[in-house]
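Have a look at the structure below before the remarks.
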2 protein chains.
Amino acid sequence: MKGKPSQRDIARAAGISQATVSIVLNGRADEYGIATATREKVREAMRQLGYVPDVAGRSLRGGRNGLIGVHTYERVFPVRADDYYHEFLAGIEEKAVEMGQDLVLFASTQREDGTRSIYGSGTNRLRLADGAIILGLERRDEELSRLAAEGFPFVFIGRRDVPGAQVPYVAADYATAIAGVVDELSSYGHARVGYLGGVLRRGPQEERREAFGQFAGRARLRGPEALLAPEAVTGGWLRELLDAGTTALVVESFELAGAVAVAAAEEGVRIPGDLSVACLDLPPVTGPTAGWSHVAVPRREMGARAVELLLGLLDGRIPADRHEVVTCAPLTPGTVGPPS
Amino acid sequence: MKGKPSQRDIARAAGISQATVSIVLNGRADEYGIATATREKVREAMRQLGYVPDVAGRSLRGGRNGLIGVHTYERVFPVRADDYYHEFLAGIEEKAVEMGQDLVLFASTQREDGTRSIYGSGTNRLRLADGAIILGLERRDEELSRLAAEGFPFVFIGRRDVPGAQVPYVAADYATAIAGVVDELSSYGHARVGYLGGVLRRGPQEERREAFGQFAGRARLRGPEALLAPEAVTGGWLRELLDAGTTALVVESFELAGAVAVAAAEEGVRIPGDLSVACLDLPPVTGPTAGWSHVAVPRREMGARAVELLLGLLDGRIPADRHEVVTCAPLTPGTVGPPS
DNA sequence: ATGAAAGCGCTAACAA
DNA sequence: TTGTTAGCGCTTTCAT
């Protein structure tokens with residue numbers, strides 16, 4: 001018994017047929033009415049030989065292998081301390097533990113230029129797992145629709161409405177969260193509320209900006225919209241903003257919020273005394289923007305929901321076109337107050 | 001053709017045998033002298049049907065499945081920002097990418113109480129990968145020796161000399177690094193160098209303390225040794241230390257270094273003016289101890305080496321009792337200088 | 001209550 | 001130059 005012991009080895013050791021071994025191992029012993037003595041013999045031999053089901057054999061046969069794939073379009077463990085994936089993965093891991101599933105991180109799909117692609121490396125390694133959770137900011141609609149067309153079970157984290165394909169996804173309810181922010185600012189009496197967004201227009205950002213425009217319009221709030229890189233957020237820019245009568249600012253990312261903090265310090269602008277600031281992103285625990293008001297995207301919970309959704313798909317309990325929207329926590333207190 | 005097309009489907013479409021398809025796909029067409037026309041027919045049918053090789057079938061046949069297991073005794077993605085595993089995993093991922101291997105994170109091995117155990121859940125799920133890398137501060141020698149006895153290929157990260165078993169591991173060369181620290185302090189002219197360690201005595205810490213004792217003795221440095229919890233490091237303690245003539249301090253962990261920073265601020269002790277401090281651990285990028293002199297444990301490189309070592313074991317290129325010691329980077333400049 | 005056998009997709013040894 | 005066949009580990013159907 002040098003390599004991995006197979007069911008055949010167990011069968012031989014227990015003096016029994018391989019089929020019976022399979023039945024006992026899969027907990028269908030009752031269903032098939034296997035004698036208790038036989039079950040014991042099987043379990044004993046199994047323990048003795050250190051048997052573990054072979055993933056390949058099982059998934060080849062069409063069964064499940066307890067592997068949940070996790071595909072990211074970038075490195076999971078980044079070089080710099082960029083924790084974009086971290087919270088999602090924490091949620092995924094947590095739920096995987098609960099459900100007794102293991103996680104497969106697809107590192108083999110990375111190409112020369114550092115990007116990752118599902119089909120780029122020729123073979124779709126994702127199929128090794130029962131299903132997969134896909135995360136990433138990149139738009140790769142063709143890959144997703146191809147995956148869907150092949151009938152491979154997967155869940156995307158982040159909103160993805162791929163035309164002509166049913167892509168199950170878990171998304172944060174930005175719209176409601178942003179409506180809440182607008183409401184709160186409005187009820188404080190702010191009339192001119194600015195929006196500061198990044199120049200890099202990726203899916204989620206676009207969604208936030210649009211939601212803000214919509215709800216601000218509905219609440220009759222008028223304010224400037226600026227799409228800037230962090231280094232373009234200067235003291236002068238901030239002064240101009242205030243001079244124009246803006247009393248509150250909604251900031252898309254905490255990168256930008258950091259720039260605002262610096263600019264405010266330069267100009268002696270007090271926050272929230274002179275300017276209320278609400279951030280639409282999670283703050284770093286430390287730094288100048290620590291404690292600022294923000295809308296918490298529930299990344300952890302989204303990760304966990306993705307696992308649940310995927311397992312639902314696998315069990316056929318959930319239809320393949322289902323998506324879930326996870327509610328964001330309300331705006332935290334800190335840097336939002338009445339205008340001066 | 002709803003499901004994924006197999007080689008059989010291609011063979012039928014191209015009117016040839018399945019074996020020929022396999023040969024063409026694996027690039028052995030030259031070797032077997034397949035006619036150019038046949039190759040074209042295969043490629044054409046492949047493109048047309050959108051063929052993707054099935055990993056399960058392939059690994060079933062070949063024995064290897066391109067999966068490297070990663071077992072940790074704690075969560076990989078921690079709730080608080082404790083990045084103990086992060087750097088190791090960054091190295092592992094990097095090398096896995098290079099080697100075209102995927103990673104399996106074993107979440108299913110976690111039990112009710114939150115601890116993880118290889119055999120705790122009844123069967124050894126690790127076997128589902130080709131081999132595994134095991135990390136964690138806990139001592140679970142029985143598990144490791146059982147794993148070794150079963151002939152399962154694995155590599156431990158961290159020094160582990162398990163009695164009666166050959167455990168391949170990748171460790172940091174603390175001894176040499178600490179000798180370097182002692183040398184440097186000695187050459188600056190320090191005569192009394194203290195050692196501050198934690199009360200929690202785990203493997204690596206013990207090793208550091210012993211190495212320091214050994215090299216300090218050899219260099220005829222005399223200094224107090226204290227094993228304290230961070231909250232026991234007070235201003236009074238620090239003052240006493242200085243009054244006794246100590247001019248330099250080697251600190252085991254950055255938790256303790258943080259406590260020293262606070263105590264020094266309290267007492268108006270300048271670092272390194274009044275006291276040189278060398279830390280034997282990686283610093284957090286931010287905080288009062290940022291920029292302090294430290295010995296960098298090459299976690300990233302250790303992770304990468306572990307992957308190489310494991311793949312070497314799998315290929316039989318490396319014997320199963322091999323271990324590797326990775327050199328630490330030398331003490332960084334910052335808080336070490338001549339005594340006042 | 002248990003065994004025998006087929007077949008999932010793939011590769012390699014052997015046949016033609 | 002190409003085809004035939006066996007078998008990797010597993011589950012399931014059918015037969016005993």
Side-chain angles (χ1 to χ4, degrees), chain A residues 1-42 45-46 49-67 122-125 127-128 130 150-151, chain B residues 1-42 45-46 49-67 123 127-130:
Chain A
M1 62 193 98
K2 24 154 64 49
K4 314 188 200 192
S6 67
Q7 290 188 350
R8 234 171 89 171
D9 297 323
I10 297 187
R12 266 200 288 262
I16 227 165
S17 90
Q18 186 190 341
T20 309
V21 173
S22 174
I23 290 168
V24 172
L25 287 177
N26 292 7
R28 300 180 192 272
D30 282 330
E31 189 180 325
Y32 281 79
I34 304 290
T36 317
T38 309
R39 302 183 195 193
E40 260 323 303
K41 276 194 293 186
V42 171
M46 191 186 92
L49 299 179
Y51 169 81
V52 106
D54 182 275
V55 220
R58 214 173 238 188
S59 77
L60 182 55
R61 189 57 183 77
R64 296 258 287 268
N65 54 29
L67 254 29
T123 77
N124 174 7
R125 284 281 290 178
R127 295 208 100 104
L128 223 195
D130 291 335
E150 283 182 4
Chain B
M1 62 194 85
K2 25 169 44 6
K4 59 231 149 117
S6 67
Q7 291 187 351
R8 233 170 90 170
D9 298 322
I10 297 186
R12 266 203 288 263
I16 53 171
S17 89
Q18 186 190 340
T20 309
V21 174
S22 173
I23 289 168
V24 172
L25 287 178
N26 290 12
R28 299 179 193 272
D30 282 330
E31 188 179 328
Y32 281 79
I34 304 290
T36 317
T38 309
R39 301 182 195 194
E40 261 322 304
K41 275 195 292 185
V42 171
M46 193 184 91
L49 299 178
Y51 170 82
V52 163
D54 182 281
V55 257
R58 208 171 243 186
S59 83
L60 182 54
R61 189 61 182 76
R64 289 268 281 273
N65 55 24
L67 254 30
T123 50
R127 296 206 92 113
L128 131 186
D130 292 336

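In what follows, chains carry the letters A, B, and so on, assigned in the order in which the sequence lines appear, proteins first and then strands, with residues in each chain numbered from 1.
Atom pair A:Asp54:CG and D:dC8:P shows a separation of 12 Å (rounding to whole Å applied). If you measure from atom CZ of A:Arg58 to atom P of C:dC10, you get 21 Å, rounded to the nearest angstrom. When the P atom of D:dG7 is taken as reference, atom CD of A:Gln7 falls 18 Å away, rounded to whole Å. Here C:dC8 presents its C1' atom at 15 Å from CG of A:Asp130, a figure rounded to the nearest Å.
Every side chain to side chain contact (heavy atoms under 4.5 Å, CB included) that B:Thr38 has, sequence neighbours left out, goes to B:Ile16, B:Thr20, B:Ile34, B:Ala35.
With a 4.5 Å cut-off on side-chain heavy atoms, A:Gln7 and A:Tyr51 count as touching. Taking 4.5 Å as the limit, every side-chain heavy atom of A:Val21 sits out of range of all side-chain heavy atoms of A:Arg12.
Taking OG of A:Ser22 as the reference point, atom CG of A:Leu25 lies at 6.5 Å (rounded to 0.5 Å).
Within a heavy-atom distance below 4.0 Å of DNA chain C, the residues of residues 28-38 of chain A found are A:Tyr32, A:Gly33, A:Ile34, A:Ala35, A:Thr38. Residues from residues 13-24 of chain B that place a heavy atom under 4.0 Å from any atom of DNA chain C, listed by number: B:Gln18, B:Ala19, B:Ser22.
Salt bridge present: B:Arg39 and B:Asp30 bring a charged side-chain N and a carboxylate O closer than 4.0 Å.
When all heavy atoms are compared, the tightest approach of B:Pro5 to B:Leu49 is CG-O, 3.2 Å.
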Stepwise side-chain contact (heavy atoms from CB on, under 4.5 Å) check, B:Leu67 with A:Leu128: CA-CA 10 Å; B:Leu67 254 30; A:Leu128 223 195; 3.4 Å; yes
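In this structure, A:Arg64 does not reach the D:dT11 phosphate: none of its side-chain N or O atoms is under 4.0 Å from OP1 or OP2. For C:dC10, neither phosphate oxygen OP1 nor OP2 lies less than 4.0 angstrom from any side-chain nitrogen or oxygen of B:Arg8. At the phosphate of D:dG7, neither OP1 nor OP2 sits under 4.0 Å from any side-chain N or O atom of B:Arg61.
Judged by distance alone, with hydrogens and angles left aside, the side-chain atoms of B:Asn26 form no donor-acceptor pair with the main-chain N or O of B:Arg28 at under 3.5 Å.
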